[in-house]
Amino acid sequence: MLEVHPRGDPGNPLTGVFATRSPHRPNPLGLHRVTVREISGTRLLIGPIEALDGTPVVDVKPVLADA
């Protein structure tokens, strides 16, 4: 499943899973809510996160209020 209806709403057009917050991904990515603590050039300092030190962060999206 590489396309989903964003937020599970069939009224939304199909969108690729990498452009959404969909948990239906073909790769084992974890989803965690974190706080951006510092921005330095192209680097982000985030936390807290359940990951090993040095684990790459693939994507950052803002938190949306539940509708």
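Below, all heavy atoms of this structure are taken into account, side chains as well, without hydrogens, waters or symmetry copies.
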Run the side chain to side chain contact (heavy atoms under 4.5 Å, CB included) check on L44 and E38 step by step: do they pass?
CA-CA 6 Å; L44 297 176; E38 182 182 326; over 6 Å; no
ILVMFWY network linking V60 to I39, side-chain heavy atoms under 4.5 angstrom:
yes
Taking the side chain as C-beta and beyond, is there a heavy-atom pair between E3 and P13 under 4.5 Å?
no
Backbone of H5 reached by a side-chain donor or acceptor of N12 within 3.5 Å:
no
Taking all atoms of both residues into account, what is the closest heavy-atom pair of V34 and P48, and its distance?
CG1-O, 3.2 Å
So how far is it from I49 CD1 to T35 OG1, rounded to the nearest 0.5 Å?
11.0 Å
